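Note sheet for the following structure.
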2 protein chains.
Amino acid sequence: MPAGVRRPAAKTRNSVGAELSAGETEFIDFFVALARALRAPKSLGEIYGLLFASSEPRTFEGIVATLRISRGSASQGLRLLRTFGAVRVVYVAGDRRDHFVAETELRKLVTGFLSETALPQLEASAGRLDRIAERVPTKGVLHDRLQKLRSWERVGRQVLPLVGKLLG
Amino acid sequence: MPAGVRRPAAKTRNSVGAELSAGETEFIDFFVALARALRAPKSLGEIYGLLFASSEPRTFEGIVATLRISRGSASQGLRLLRTFGAVRVVYVAGDRRDHFVAETELRKLVTGFLSETALPQLEASAGRLDRIAERVPTKGVLHDRLQKLRSWERVGRQVLPLVGKLLG
DNA sequence: CGATTCGTTCAAAGATAAATGAACGTGGGA
DNA sequence: TCCCACGTTCATTTATCTTTGAACGAATCG
């Protein structure tokens, strides 16, 4: 599927010349597909893909100019990626702008993602199950099913940390 | 449709008047929240939650009437749940209608979900990476990053089956 | 057979989520 | 100090996903 439409280059003050090679475009394409699979915004995939394929840190402006996305998208996407630990800001001497790089270690990516998504869910579940317990008979199907849910939660709590180890 | 009662009320063949207990509602609520967390349609959570909390198999009509959702939603939701192995159709003698029950074994649910979502993605990735290889230099950053992606894919392929075992 | 029940399909409506861009706060440099 | 580069925020627009319900085919019933 064709995607990239070349437009006259935006004025780029000093940061990177905003052109993508065919190879870089392929990487971005890959991560856009991955983002869709994870039901994340396309822009997350674009941003991460660009950084993943970059040898050098990228500035905010560089990202916006290269991907032709809005500043809003870039700002929000980068924030989310940082909370997952998928993107870091690195210091560059004598430049006050932020410089972004992708974290490429699979274990860190997965554990970061899980601890920001699955873990909070698990914790919320515990309280929710207590709430259910208050409205369910102490005998019968509903009671049995509640035990089942509790066992799910227990297993989840045990398995989550192990996933990280599997990827080490 | 005439309102006359033409049938003994022994087996509930009614399409209206289905009522949920407070306990059942709590279970449905739980699974609706879970569906949202998994970014699945709310109706999936409703349907699965209802079946999870049911001691008896439910008919299609029963589900539609109890949850007050459209036939379309019910049909599509049940289909998806069946492809994940989260819902099964059970045979009931002398009744031509489908009867649905929830699969409650965590290991089956997770492996069913993964083999319908993650596994196809992994397989699609393999081809995609070959495609990237054709457009990337045999040296340099892009080449290195492609190797990295290949290693991700390899790890994924090894880890996926293990997840099932962890849940046994 | 024809009538009825069962469940599916799909175009359209409705609901949600993502992207945009103007307005804004912050802080660095002259 | 003032000015401007940097990045964030958020109301609005746009895109995408979900739900609905009428139309439909298949299977069973009378």
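In this text, all values refer to a predicted model and were calculated from it rather than measured experimentally. Every chain is numbered from 1, with letters handed out A, B, ... down the list of sequences.
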Find out whether [X] and [Y] are in side-chain contact, i.e. whether some heavy atom of one side chain is under 4.5 Å from a heavy atom of the other.
X: A/Phe60; Y: A/Arg97; value: no
X: A/Leu129; Y: A/Trp152; value: no
X: A/Leu146; Y: B/Phe27; value: yes
X: B/Val136; Y: A/Glu26; value: no
X: A/Ile69; Y: A/Ile47; value: yes

- [ ] Could you point out which residue of A/Thr111, A/Leu160, A/Leu114 forms a side chain to side chain contact (heavy atoms under 4.5 Å, CB included) with A/Leu119?
- [x]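 Exactly one option meets the side chain to side chain contact (heavy atoms under 4.5 Å, CB included) with A/Leu119, and it is A/Leu160.
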Open item on the list: Determine whether a donor-acceptor pair (one donor, one acceptor, N or O, separation below 3.5 Å) exists between the side chain of B/Arg96 and the base of C/dT5.
Closed with: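 Such a pair exists between side chain and base.
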Could you state the [atom1]-[atom2] distance from [X] to [N], rounded to the nearest angstrom?
X: A/Glu46; N: C/dT20; atom1: CD; atom2: P; value: 8 Å
X: A/Asp95; N: C/dG27; atom1: CG; atom2: P; value: 18 Å
X: B/Phe60; N: C/dT8; atom1: CZ; atom2: C1'; value: 8 Å
X: A/Asp98; N: D/dA5; atom1: CG; atom2: P; value: 17 Å
X: A/Leu44; N: C/dA17; atom1: CG; atom2: P; value: 15 Å
X: B/Arg68; N: D/dT19; atom1: CZ; atom2: C1'; value: 17 Å
X: A/Lys42; N: C/dT20; atom1: NZ; atom2: P; value: 8 Å
X: A/Arg58; N: D/dC6; atom1: CZ; atom2: P; value: 16 Å

Please tabulate the protein-to-nucleotide N/O contacts below 3.5 Å involving nucleotides 9-16 of chain D, giving atom names and distances.
{"from": "D/dT9", "atom 1": "OP2", "to": "A/Arg79", "atom 2": "NH2", "distance (Å)": "2.6"}
{"from": "D/dC10", "atom 1": "N4", "to": "A/Gln76", "atom 2": "OE1", "distance (Å)": "3.0"}

Open item on the list: I want to verify a distance call: between D/dT19, D/dT28, D/dA5, whose nearest atom is closest to the B/Pro41 side chain?
Closed with: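 Closest nucleotide among those given: D/dT19.
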- [ ] Looking at every strand, decide which applies to A/Leu78 at a 4.0 Å heavy-atom threshold: base, sugar-phosphate, or nothing.
- [x]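 Touches nothing.
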TODO: May I ask you to say what B/Thr59 touches in the nucleic acid, namely base, sugar-phosphate or nothing, with a heavy-atom cut-off under 4.0 Å?
DONE: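 Nothing: the residue B/Thr59, judged by heavy atoms under 4.0 Å, touches no strand.
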- [ ] Taking only Lys NZ, Arg NE, NH1 and NH2, and the carboxylate oxygens of Asp or Glu, determine whether B/Arg88 and B/Asp98 approach each other closer than 4.0 Å.
- [x]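 No.
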Open item on the list: Using OP1 and OP2 only, check whether a side-chain N or O of A/Ser43 sits under 4.0 Å from C/dA19.
Closed with: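 Answer is yes, contact under 4.0 Å.
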